[in-house]
There are 2 protein chains.
Amino acid sequence: MTDTILKKCEAKGLRMTGQRRVIAGVLETAHRDHPDVEALYAKVTEIDPRISIATVYRTVKLLEESGILIRNEFADGRARYETADREHHDHLIDLSTGKVIEFCEPEIEALQEKLVKKLGYKIRFHRLEIYADPIDSNKTD
Amino acid sequence: MTDTILKKCEAKGLRMTGQRRVIAGVLETAHRDHPDVEALYAKVTEIDPRISIATVYRTVKLLEESGILIRNEFADGRARYETADREHHDHLIDLSTGKVIEFCEPEIEALQEKLVKKLGYKIRFHRLEIYADPIDSNKTD
DNA sequence: CTATCTGCAAAGGTTTTGCGGGCTG
DNA sequence: CAGCCCGCAAAACCTTTGCAGATAG
């Protein structure tokens with residue numbers, strides 16, 4: 001799965017307009033930052049200032065519905081996007097910088113499964129976010 | 001901590017207006033449902049129809065800042081409140097009914113701590129939400 | 001050529017806030 | 001009686017959408 005976002009869009013048969021190509025290109029380089037729409041819009045308009053924010057909203061929604069992007073909502077209340085081409089993972093948010101670190105902890109997943117089953121349920125999806133500060137940066141406690 | 005919400009407010013020195021007493025009373029009976037503001041407003045206006053939704057918003061915010069309430073944001077995008085007088089716990093949301101089940105899994109917490117430490121961070125807070133369906137469709141509480 | 005897409009601006013849903021009058025302590 | 005609080009309505013914030021013109025395939 002090393003295809004570019006553009007290739008995946010074409011593979012899904014999405015009509016590739018100039019605007020969507022620009023947005024796909026920006027996502028290609030920015031998706032590791034989990035950008036929100038405002039951040040995407042800023043980069044997109046550097047490339048083509050005529051693209052509207054409505055188109056960015058419509059495009060990320062389309063890509064999410066096509067299974068190409070994943071929408072995250074962290075504690076800041078805005079939607080943040082990443083590509084859907086990796087294994088399931090959870091997120092650690094660095095409170096000092098806002099940086100998002102992905103992690104995967106199969107043991108935690110297994111414990112969740114076990115617990116939920118015991119409660120008589122079947123997991124559809126879950127989200128785990130850890131908000132943390134670096135150990136060696138200035139501490140407030 | 002079996003104090004009533006009203007008592008906790010008084011203990012914090014909050015000015016107890018008629019509106020705040022009504023809201024505290026509603027929370028007293030409803031906090032296990034993790035109600036959102038709209039739900040609180042509906043019950044509050046049954047008791048006193050002149051109370052405005054702005055006051056409900058202001059009051060839950062005040063109670064949160066006072067450490068009496070905890071604000072949760074589940075996948076529906078609205079803020080939902082519970083009392084802050086219990087142990088830390090996470091949430092399972094029953095997708096078929098919207099019911100919220102609290103659970104506590106010390107093993108998961110321990111694994112989180114270990115992992116975050118390994119990444120060079122210190123946890124400030126975290127949230128874990130599991131969205132699930134009942135295995136067996138007749139479950140009433 | 002036509003169904004789909006775009007930009008614009010208006011509207012949607014949730015939450016906050018400025019104002020002038022009202023109430024608590 | 002001073003200062004905080006209330007109701008109202010407007011605004012803030014993020015996101016969606018109706019419309020009429022533009023464009024991909």
Side-chain angles (χ1 to χ4, degrees), chain A residues 5-27 34-42 44-66 68-81 98, chain B residues 5-27 34-42 44-66 68-81 98:
Chain A
I5 293 170
L6 175 57
K7 278 200 163 61
K8 284 182 205 153
C9 290
E10 288 168 343
K12 299 263 179 192
L14 301 181
R15 179 182 287 194
M16 290 316 288
T17 63
Q19 292 91 333
R20 288 183 184 174
R21 282 171 205 279
V22 170
I23 295 167
V26 166
L27 281 165
H34 300 72
D36 58 28
V37 170
E38 191 180 0
L40 289 173
Y41 179 60
V44 159
T45 49
E46 274 178 30
I47 298 171
D48 182 349
R50 293 165 309 175
I51 298 177
S52 81
I53 199 165
T55 296
V56 180
Y57 272 107
R58 280 192 272 235
T59 302
V60 291
K61 186 174 205 177
L62 175 73
L63 297 188
E64 188 205 352
E65 287 165 358
S66 303
I68 296 170
L69 289 184
I70 289 174
R71 177 205 297 245
N72 294 114
E73 280 180 52
F74 302 149
D76 61 9
R78 284 171 292 185
R80 298 170 159 275
Y81 291 88
Chain B
I5 293 171
L6 174 58
K7 276 199 163 62
K8 284 182 204 154
C9 290
E10 288 169 343
K12 298 264 180 193
L14 301 180
R15 180 183 287 193
M16 291 317 287
T17 64
Q19 291 91 332
R20 290 184 181 173
R21 282 171 205 279
V22 170
I23 295 167
V26 166
L27 281 166
H34 300 72
D36 58 27
V37 169
E38 191 180 0
L40 289 173
Y41 179 60
V44 159
T45 50
E46 273 178 31
I47 298 170
D48 182 349
R50 294 164 308 173
I51 297 179
S52 82
I53 199 166
T55 296
V56 180
Y57 272 107
R58 280 192 270 237
T59 302
V60 290
K61 185 173 207 180
L62 175 73
L63 297 189
E64 188 204 354
E65 288 165 356
S66 304
I68 295 170
L69 289 184
I70 290 174
R71 176 205 299 245
N72 294 113
E73 280 180 52
F74 302 149
D76 61 7
R78 283 171 293 184
R80 296 169 160 277
Y81 292 88

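So you know, we letter chains A, B, ... as the sequences are listed, proteins then strands, and number each from 1. The structure displayed is predicted, hence computed values, not measured ones.
Although no hydrogens or angles enter the test, the distance criterion places no donor-acceptor pair under 3.5 Å between the side chain of R71(B) and the main chain of A79(B). Formation of a donor-acceptor pair under 3.5 Å by the D36(A) side chain with backbone atoms of E38(A) is found in this model.
For the atom pair CG (L62(B)) and CD1 (I68(B)), the distance works out to 7.5 Å, reported to the nearest 0.5 Å. The distance from the CG atom of L14(A) to the CD1 atom of I5(A) is 12.0 Å, given to the nearest 0.5 Å. How far CG of L40(B) is from OH of Y57(B): 10.0 Å, rounded to the nearest 0.5 Å.
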B/S/- along nucleotides 11-18 of chain D (protein heavy atoms under 4.0 Å) is ---SBBBB
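Between the NZ atom of K12(A) and the P atom of dT4(C) there is a distance of 19 Å, given to the nearest Å. Between L63(B) atom CG and dC5(D) atom C1' there is a gap of 14 Å when expressed in whole angstrom units. Look at CD1 on I23(B): it is 7 Å from P on dC6(D), rounded to the nearest Å. The distance between atom OH of Y41(B) and atom C1' of dG13(C), rounded to the nearest whole Å, is 16 Å. With rounding to whole Å, R20(A) atom CZ is found 11 Å from dT4(C) atom P. One interatomic measurement links the two molecules: CG of L14(B) to C1' of dG25(C), which rounds to 13 Å at whole-angstrom precision. The CD1 atom of I51(A) sits 11 Å away from the C1' atom of dG7(C) (whole-angstrom rounding). The nearest whole Å value for the distance from the CG atom in D48(A) to the C1' atom in dG7(C) is 12 Å.
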Could you pull out all donor-acceptor pairs under 3.5 Å where a side-chain atom in residues 19-27 of chain A meets a protein atom, sequence neighbours excluded?
| from | atom 1 | to | atom 2 | distance (Å) |
| --- | --- | --- | --- | --- |
| R20(A) | NH1 | R15(A) | O | 2.9 |
| R21(A) | NH2 | M16(A) | O | 3.4 |

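Each of T17(B) and S52(A) was matched to the nucleotide of DNA chain C holding its nearest heavy atom; the match closer to the 5' end belongs to S52(A). Where R21(B) and R15(A) meet DNA chain C, the nucleotide closest to each residue was compared, and R15(A) sits on the side nearer the 5' end.
Between Q19(B) and dG7(D), a side-chain N or O to OP1/OP2 separation shorter than 4.0 Å is present.
In this structure the side chain of Y81(B) reaches within 4.5 angstrom of the side chain of V37(B), judged on heavy atoms.
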